[in-house]
Number of protein chains: 2
Amino acid sequence: MVLKQAASIDADSKSARTRLRILDAAAEVLSARGYAGMRLSDVAEKAEVQAPAIYYYFASREDLIEEVMYAGIAQMREHLAAALDALPDGTPPLERLTVAVEEHLRHELELSNYATAAIRNAGQVPETIRHRNTEEQRAYGEIWAHLLKSAHEAGELRDGIDLHMAQMLVIGALNWTGEWWDPQRGNIEALVSNAKSFVLNGLT
Amino acid sequence: MVLKQAASIDADSKSARTRLRILDAAAEVLSARGYAGMRLSDVAEKAEVQAPAIYYYFASREDLIEEVMYAGIAQMREHLAAALDALPDGTPPLERLTVAVEEHLRHELELSNYATAAIRNAGQVPETIRHRNTEEQRAYGEIWAHLLKSAHEAGELRDGIDLHMAQMLVIGALNWTGEWWDPQRGNIEALVSNAKSFVLNGLT
DNA sequence: CACCTAATTTAATCTAGATTAGACTCGTCG
DNA sequence: CGACGAGTCTAATCTAGATTAAATTAGGTG
């Protein structure tokens with residue numbers, strides 16, 4: 001309703017910080033409770049505001065959720081793209097692939113409730129929200145598809161592999177870590193290294 | 001509230017069939033909408049009864065959900081255990097493992113809304129429900145842990161592998177198929193075969 | 001200091017959906 | 001035929017939670 005010109009200019013105003021606190025809280029609750037289970041009152045509590053304050057920043061619960069989901073995918077894509085860009089020219093395709101494995105994992109597990117929120121709820125969210133995120137979704141898949149295609153064309157992948165299925169199996173193994181990995185216990189370095197060799201070599 | 005002695009004796013009475021229709025419907029809705037999103041009205045509609053009829057068979061929404069989740073895990077475990085039992089003595093550990101991959105996949109994708117309901121909601125369900133299912137959950141993991149341990153002791157697995165992480169990565173890849181696999185298009189045989197070689201050999 | 005707008009609060013409102021109460025139906029058995 | 005209980009329905013009830021309305025406060029600016 002109200003335009004927030006000033007706020008959007010100054011990315012660090014008090015207002016901007018409150019907005020961010022709300023988004024962060026929403027990501028956390030959404031990730032933990034799921035689409036239908038996310039209560040604004042919980043979000044408000046975690047963000048240390050009263051529930052109606054949320055409406056000052058977001059037009060509706062759906063809008064808030066949509067922004068969280070969008071950020072979840074977009075940040076993941078940006079993070080991965082940046083990491084790949086940083087690799088020296090001529091890095092072999094297979095190595096680029098293992099970098100992707102590592103960065104997907106690190107981003108998901110170390111940095112982002114947004115990522116897990118987006119990952120877990122992709123399937124439950126209503127059509128309207130899903131629709132707007134389709135493009136980002138596709139772009140993220142595209143990166144992986146390209147990595148696999150390059151590796152395949154370089155003759156580095158097993159014969160008879162179905163690239164799309166392989167892609168989804170890899171991403172699935174990585175996405176699922178959010179369900180069981182406990183950031184408290186357990187060493188992320190070990191997970192990254194195990195995941196890398198699992199993706200390349202399987203169990204044997 | 002009401003005891004249903006007769007019903008539980010005759011597994012095919014009209015009553016038993018209605019109860020099953022409700023359970024099936026609940027599994028479907030739960031799988032699609034998630035824990036908090038499952039409305040009894042939707043379940044009722046799919047089961048072709050009025051919502052209050054559900055209370056004739058289940059004490060509460062929570063009880064219904066709990067039964068679906070329990071069945072989801074238990075059936076999966078039974079299915080896998082039976083398939084492994086059917087293998088001839090002396091089947092090598094690695095082959096037993098690929099059978100497990102195949103059966104997990106087939107059960108999840110071909111047979112069971114219960115399985116996907118249980119898989120997807122394991123993390124969002126409240127403590128009370130989760131708690132009662134922990135044991136089944138553990139038993140299922142145990143089967144896999146044992147398969148991996150045997151293969152490892154037979155020296156058939158890669159050196160340096162962390163068995164628990166490997167287990168979760170494999171199960172993750174399989175569980176995630178429920179999120180993207182479209183039973184309509186796409187050939188499950190191809191998926192099974194790709195998953196098997198991915199688990200054994202990775203991408204290369 | 002007095003005011004204006006941004007930010008946030010408290011106090012309604014409104015609705016969806018779970019649950020309960022109280023019939024109604026229908027097959028079976030005396 | 002009349003009673004009975006299982007199974008189901010329609011018509012309440014009750015509550016949580018989203019949303020809106022109407023203050024209230026805070027921070028800057030003339």
Side-chain angles (χ1 to χ4, degrees), chain A residues 1-26 29-30 32-68 124-126 128-129, chain B residues 1-26 29-30 32-68 124-126 128-129:
Chain A
M1 234 125 214
V2 174
L3 279 294
K4 24 198 160 31
Q5 326 83 326
S8 58
I9 288 170
D10 180 358
D12 197 46
S13 60
K14 179 168 176 228
S15 159
R17 274 181 284 115
T18 306
R19 187 174 197 279
L20 188 57
R21 246 184 308 124
I22 294 173
L23 273 170
D24 287 351
V29 178
L30 187 57
R33 296 289 172 77
Y35 171 71
M38 186 195 92
R39 290 183 299 222
L40 290 185
S41 50
D42 290 347
V43 172
E45 183 174 17
K46 234 179 258 285
E48 300 182 278
V49 296
Q50 298 299 315
I54 294 173
Y55 287 88
Y56 183 75
Y57 295 98
F58 302 90
S60 68
R61 178 178 180 277
E62 280 233 335
D63 273 24
L64 171 56
I65 291 176
E66 181 181 323
E67 187 157 335
V68 169
Q124 318 199 318
V125 128
T128 53
I129 294 183
Chain B
M1 238 135 211
V2 174
L3 278 294
K4 20 194 161 34
Q5 327 81 328
S8 57
I9 289 169
D10 180 355
D12 197 45
S13 59
K14 181 172 175 225
S15 159
R17 273 181 285 116
T18 305
R19 187 173 198 280
L20 187 57
R21 247 184 309 123
I22 293 174
L23 273 171
D24 286 351
V29 177
L30 187 58
R33 296 289 173 76
Y35 171 71
M38 185 195 93
R39 291 183 297 223
L40 290 184
S41 52
D42 291 346
V43 173
E45 182 173 18
K46 234 178 257 286
E48 301 182 279
V49 296
Q50 298 299 315
I54 294 172
Y55 288 87
Y56 183 74
Y57 295 98
F58 302 90
S60 69
R61 180 177 177 278
E62 279 234 341
D63 273 25
L64 171 57
I65 291 176
E66 181 180 324
E67 186 157 337
V68 169
Q124 319 199 318
V125 129
T128 53
I129 295 184

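Chain identifiers are assigned alphabetically (A, B, ...) following the order of the sequence lines, protein sequences preceding nucleic acid strands; residue numbering begins at 1 within each chain.
Listed by first and then second residue, the salt bridge (charged side-chain N to carboxylate O under 4.0 Å, His left out) pairs that reach into residues 49-58 of chain B come to none, sequence neighbours excluded.
Not counting sequence neighbours, Arg61(B) has no partner by the side chain to side chain donor-acceptor pair (under 3.5 Å) test. In this structure Arg21(A) satisfies the salt bridge (charged side-chain N to carboxylate O under 4.0 Å, His left out) test with no other residue, sequence neighbours excluded. Ser60(A) is linked by a side-chain contact (heavy atoms from CB on, under 4.5 Å) to Glu62(A), Asp63(A), counting only residues two or more places apart in sequence or in another chain. In this structure Gln124(A) satisfies the side chain to side chain donor-acceptor pair (under 3.5 Å) test with no other residue, sequence neighbours excluded.
Contact annotation: the side chain of Phe58(A) approaches that of Leu23(A) to within less than 4.5 Å [non-hydrogen atoms, C-beta and beyond].
When the side-chain nitrogen and oxygen atoms of Ser15(A) are compared with OP1 and OP2 of dA7(C), one or more of them lie within a distance under 4.0 Å.
Rounded to whole Å, atom C1' of dT8(D) lies 10 Å from atom CD1 of Ile22(B). Between Glu48(B) atom CD and dC9(D) atom P there is a gap of 10 Å when expressed in whole angstrom units. Atom CD1 of Ile54(A) is separated from atom P of dA7(C) by 16 Å (rounded to the nearest Å). Between the OH atom of Tyr56(A) and the C1' atom of dT8(C) there is a distance of 9 Å, given to the nearest Å. Going from atom CZ of Arg33(B) over to atom P of dA16(C) covers 15 Å, rounded to whole Å.
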What does the list of N/O pairs under 3.5 Å between the protein and nucleotides 23-26 of chain C look like, with a distance for each?
none

Tabulated below should be each protein N or O lying under 3.5 Å from an N or O of nucleotides 17-20 of chain D; please produce it.
| from | atom 1 | to | atom 2 | distance (Å) |
| --- | --- | --- | --- | --- |
| dG17(D) | OP1 | Arg39(A) | NE | 3.4 |
| dG17(D) | OP1 | Arg39(A) | NH1 | 2.5 |
| dA18(D) | OP1 | Leu40(A) | N | 3.3 |
| dA18(D) | OP2 | Leu40(A) | N | 3.1 |
| dT19(D) | OP2 | Tyr55(A) | OH | 2.3 |
| dT19(D) | OP2 | Arg61(A) | N | 3.1 |
| dT19(D) | O5' | Tyr55(A) | OH | 2.8 |

Find every protein N or O atom lying less than 3.5 Å from an N or O atom of nucleotides 25-30 of chain D, and list the pairs.
none

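The bend of the helix from dC1(C)-dG30(D) to dG30(C)-dC1(D), defined by the angle between the axes of its first five and last five pairs, stands at 20° to the nearest 10°.
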Which pairs would a plain distance check flag for residues 46-53 of chain A, meaning a side-chain donor or acceptor within less than 3.5 Å of a matching protein atom at least two apart in sequence or in another chain?
| from | atom 1 | to | atom 2 | distance (Å) |
| --- | --- | --- | --- | --- |
| Lys46(A) | NZ | Glu28(A) | OE2 | 3.4 |

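Going from atom CD1 of Ile129(B) over to atom CD of Glu67(B) covers 11.5 Å, rounded to the nearest 0.5 Å. Distance check: Arg33(A) CZ to Asp42(A) CG gives 5.5 Å after rounding to the nearest 0.5 Å.
When the nucleotides dC9(D), dT9(C), dG7(D) are ranked by their closest atom to the side chain of Gln50(A), dT9(C) comes out on top. Listed nucleotides: dT8(D), dC9(D), dT10(C). Nearest to the side chain of Tyr57(B): dT8(D).
Within 4.0 Å (heavy atoms only), Ala53(A) reaches at least one base atom of the nucleic acid.
In terms of heavy-atom proximity, Arg39(A) sits nearest to Val29(A) at N-CG1, 4.3 Å.
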